[in-house]
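Positions are given from 1, in the same order as the sequence printed here.
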Amino acid sequence: MKQQIIVSGVGGQGIIFITHVLAEAAIRRGLSVYTSENHGMAQRGGTVLSHVKVGAFFSPLIIPSRADGLLILNEENLEQHGFYLGPGGWAVINAKARPDFQGQGDLHWIDADRLAGQMGKPQALNLIVLGFALARITRGEGNGKGFFCSSQDIIDVLKARLAKRGDVLTTSLEAFALGASHADK
């Protein structure tokens, strides 16, 4: 199994958190994993970009047009980082409607901002997007490559990471499930 995923958004959206969750899921499956983050502007609402490479790689950075998947938590970042997506890849975007994307690959979108707002937890949008992506892509929508891990792997990582933070764990699991429940819509 080899997979390369770009996670992009703006500071405060939890890009680094879901990058670490994905990395832990890979480790639990016994897979090699590299991550790299650019988050210098995160405190100012600037762009945050993470690279997640699972499998036998020698460098943590993803070359343009080689990513198997994009997780875009801020729609405007699709224009900035869409060029990473490779042929046959998929992109999951937090957007109100289908974004205008001239790049290659399969495009999926969910209005995670709206759903997180309905939950009363705007910071939960990252897990809504991740839940949606795992449910949608794992089912073989688009290119059929799927994810390197399952939804259950992510749930197990969340439970382990947040075991001592009861309310945060509950909210995180609810957000993840909410995203997954919209995969068929």
- Joint hydrophobic cluster, Ile63 plus Ile6, side-chain heavy atoms closer than 4.5 Å: no
On a heavy-atom basis, which atom in [X] and which in [Y] lie closest, and how many Å separate them?
X: Arg66; Y: Gln4; value: O-NE2, 3.2 Å
X: Ala124; Y: Ala116; value: C-CB, 4.5 Å
X: Pro60; Y: His51; value: O-CB, 3.3 Å
X: Ile154; Y: Phe176; value: CG2-CE1, 3.6 Å
X: Ser50; Y: Ile16; value: OG-CD1, 3.8 Å
X: Ala67; Y: Leu85; value: O-CD1, 3.6 Å

- Task: Could you check Ser8 against Leu70 for side-chain contact (heavy atoms from CB on, under 4.5 Å), going step by step and ending with a plain yes or no?
- Result: CA-CA 8 Å; Ser8 174; Leu70 304 177; over 6 Å; no
Would you give the length of the straight line joining atom [atom1] of [X] to atom [atom2] of [Y], rounded to the nearest 0.5 angstrom?
X: Asp68; Y: Phe148; atom1: CG; atom2: CZ; result: 11.0 Å
X: Ser32; Y: Met1; atom1: OG; atom2: CE; result: 13.0 Å
X: Phe147; Y: Leu22; atom1: CZ; atom2: CG; result: 6.5 Å
X: Leu73; Y: Ile93; atom1: CG; atom2: CD1; result: 10.5 Å
X: Ile15; Y: Asn77; atom1: CD1; atom2: CG; result: 7.5 Å
X: Ile110; Y: Ser181; atom1: CD1; atom2: OG; result: 7.5 Å

- Query: Under the side chain to side chain donor-acceptor pair (under 3.5 Å) rule, what pairs show up with a residue in residues 91-105, not counting sequence neighbours?
  - Reply: Asn94-Asp113, Asp100-Gln102
- Any side chain to side chain donor-acceptor pair (under 3.5 Å) pairs touching residues 120-130, not counting sequence neighbours? none
- Item | More than 12 heavy atoms from other groups under 6.0 Å of CD on Glu79 | no
- What do the steps show when you test Leu178 against Met119 for side-chain contact (heavy atoms from CB on, under 4.5 Å), and what is the final call? CA-CA 9 Å; Leu178 181 59; Met119 284 181 71; 3.8 Å; yes
- Contact list for residues 154-171, test salt bridge (Lys or Arg N to Asp or Glu O under 4.0 Å), sequence neighbours left out: Glu24-Arg161
- If you group Ile, Leu, Val, Met, Phe, Trp and Tyr whenever their side-chain heavy atoms sit less than 4.5 Å apart, what else falls in with Tyr34? Phe57
Do [X] and [Y] have side chains that approach each other closer than 4.5 Å (heavy atoms only, starting at C-beta)?
X: Leu127; Y: Leu158; answer: yes
X: Leu71; Y: Trp90; answer: yes
X: Arg29; Y: Ser150; answer: yes

- Task: Could you point out which residue of Ile62, Val7, Thr47 forms a side chain to side chain contact (heavy atoms under 4.5 Å, CB included) with His81?
- Result: Thr47
- Message: Let's go through Val48 and Gln13 carefully: what are the C-alpha distance in whole Å and the side-chain angles of both, what is the deciding distance for side-chain contact (heavy atoms from CB on, under 4.5 Å) to 0.1 Å, and is it a yes or a no?
- Response: CA-CA 9 Å; Val48 179; Gln13 289 186 311; over 6 Å; no
- Sequence neighbours excluded, the answer for side chain to side chain contact (heavy atoms under 4.5 Å, CB included) partners of Thr35 is Thr19, Ala23, Val33, Glu37, Val52
- Please identify each residue that fulfils side chain to side chain contact (heavy atoms under 4.5 Å, CB included) with Phe83, with sequence neighbours left out. Pro64
